[in-house]
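Working notes, structure below.
Only heavy atoms go into these numbers, but all of them, side chains included; no hydrogens, no water, no symmetry mates. Positions are given from 1 along the sequence.
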Amino acid sequence: AQRNDVDALSVKVSSISSQIDLLAFDHSLETLAGRLAQIYKASLRDTGTGPIVMLDMEAYHDLELTFALLQRVLERSDMLKVRAGIVLQAYLPDSHALQRELIHWSSARVARGGQPVRLRIVKGANLAQERVDSSLAGYPLPIYNRKEEVDASYRRMVLRAAEAESQRAVQVGLASHNLFDIAMGLVLRAQHDLGHGLQIELLEGMATPLQRALRSLRVPVLMYAPIVDEGELNSGIAYLVRRLDENTSEENFLRSSFEMQLGTRSWERERSRFRAGFSLVDSVGEEPSRAGHPAHARDRRTEHNGTHAPDRSFFNAPDTDFSRVANRIWIHEALQRRQEAAAPTTGSLIAGRECRTGDAVDAFDPSRPGAAPYRYHLSDAAEIEQAL
């Protein structure tokens, strides 16, 4: 953060702490906040400003936690001069509500004398992980169903970012290698006189000709690249290979861009895709994909366990979604009741009769050292013989 050749840092919550658990939401948030604050402080140079620190977005289940983390730390009075931002993924319908909240919240921060928050808008980044997580937990995918909807969502977010209310509070990083999306961003930048309020962001090595063209137009470009120790270069290469694999998938613009010229088949195909996505900008839904689904809508505070009809085929019940506040409250209240209750005493059940010998000892709970969860009576030799 102290290097003069570094303009931006990208930080993931999983790289700050490996022990993140939604069931311990407040504890995880507190731990992360202390560590992120240290990174923010380190970014402030002697001049009072420094590189921008972007809080990257990972899996969907960490969406609420990551957003709350940004607000928790930047609310502090000693963080008003920190240049910070967050990434939102357009393939998640939830990102629209968060973008509106970010604009409102950042407006209040600027009014207090703080720096505007930066929003990097990306289309998506963790599709494979979302598929695995959703399948294992029994949840529907949290993303839009069609590529056209993702494109429309992305462009709606970019258009919202160019509005007057957004400009004062939120700077925009338009992250894309799609020539048509970048062209749209440049048009908006000129129309709304955004200047450095809208910056193009590219990944090192993915679209070098595009980078040269933007610089010739004097457009601010931020290049992202993994920085590792020389002995860990393989990790950086692995990251770039993974991104290259994503960016050259069948529906991705980069797959067509290598041979693209005006009037070629690839040009016409990508232009048609852009128009198809743009035509849905005003109609694409913003309702979260899991809204209304039983796995997401279930509230364990009011839910009652039912019976499984014997004539129905077997299926796994979806996991309880602890990204929902209601379900975290439910389990915390249950744990609190259990911890406050008097420790019960039990004995062995032999031939249908509970045996209490009078020789009772405390049980042990490794998660609560010093607290006895219950007491139990030790069986004597006669009772053991009877049980055998």
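A cation-pi arrangement is found for K123 relative to Y154, the charged atom lying closer than 6.0 Å to the ring centre and inside a 45° cone about the ring normal. The cationic group of R76 does not satisfy the cation-pi geometry with Y40, failing either the under 6.0 Å distance to the six-membered ring centre or the 45° limit from the ring axis. Figure legend: cation-pi geometry between R155 and F278 absent, as NZ or CZ is not positioned both under 6.0 Å from the six-membered ring centre and within 45° of its axis.
Between L217 atom CG and I182 atom CD1 the span is 11.0 Å, to the nearest 0.5 Å. Here R118 contributes atom CZ and L55 contributes atom CG; the two are 14.5 Å apart, rounded to the nearest 0.5 Å.
Here the side chain of S107 pairs no donor or acceptor atom with the backbone of A169 at under 3.5 angstrom. Without hydrogens or angle criteria, R356 side chain to G347 main chain gives no donor-acceptor distance under 3.5 Å. Judged by distance alone, with hydrogens and angles left aside, the side-chain atoms of R189 form no donor-acceptor pair with the main-chain N or O of L194 at under 3.5 Å. Side-chain atoms of T357 do not come within 3.5 Å of backbone N or O of S379 as any donor-acceptor pair. Although no hydrogens or angles enter the test, the distance criterion places no donor-acceptor pair under 3.5 Å between the side chain of S348 and the main chain of C355. Without hydrogens or angle criteria, Y91 side chain to D151 main chain gives no donor-acceptor distance under 3.5 Å. A donor-acceptor pair is defined here as one N or O able to donate and one able to accept, closer than 3.5 Å; such a pair exists between the side chain of S134 and the backbone of E130. With hydrogens and angles ignored, the 3.5 Å screen pairs a side-chain donor or acceptor of S272 with a backbone N or O of E268. A distance-only check finds a donor-acceptor pair linking the side chain of H332 to the backbone of L23 [under 3.5 Å].
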Checklist entry - Can S367 and D365 be said to form a side-chain hydrogen bond (donor to acceptor under 3.5 Å, both in side chains), step by step? => result CA-CA 5 Å; S367 70; D365 180 357; 2.8 Å; yes

Item to check | From CA spacing to verdict: salt bridge (Lys or Arg N to Asp or Glu O under 4.0 Å), R72, E30 | outcome: CA-CA 9 Å; R72 169 72 68 88; E30 196 63 35; 2.7 Å; yes

Next on the checklist: Please determine whether salt bridge (Lys or Arg N to Asp or Glu O under 4.0 Å) holds for the pair E286 and R100, giving the CA-CA distance in whole Å, both sets of side-chain angles, and the decisive distance to 0.1 Å.
Outcome noted: CA-CA 12 Å; E286 296 184 3; R100 285 191 289 268; 2.9 Å; yes

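In this structure, A68 and L29 approach most closely via the heavy-atom pair C-CD1, 4.0 Å.
Residues H96 and S153 bring a donor and an acceptor atom of their side chains to less than 3.5 Å of each other. Side-chain polar atoms of E58 and S14 form a donor-acceptor pair below 3.5 angstrom. Between Y60 and D94, the side chains place a donor N or O and an acceptor N or O closer than 3.5 Å (distance only, hydrogens not considered). E163 and Q167 share no donor-acceptor pair across their side chains, judged by distance under 3.5 Å alone.
Contact check on R324 versus D321 returns no salt bridge, with no Lys/Arg side-chain nitrogen under 4.0 Å from an Asp/Glu carboxylate oxygen. Under 4.0 Å is where a charged nitrogen must lie from a carboxylate oxygen, and between E148 and R275 no such pair does.
Proximity of the aromatic rings of W105 and F67 is defined here by a centroid distance below 6.0 angstrom, and this criterion is not met.
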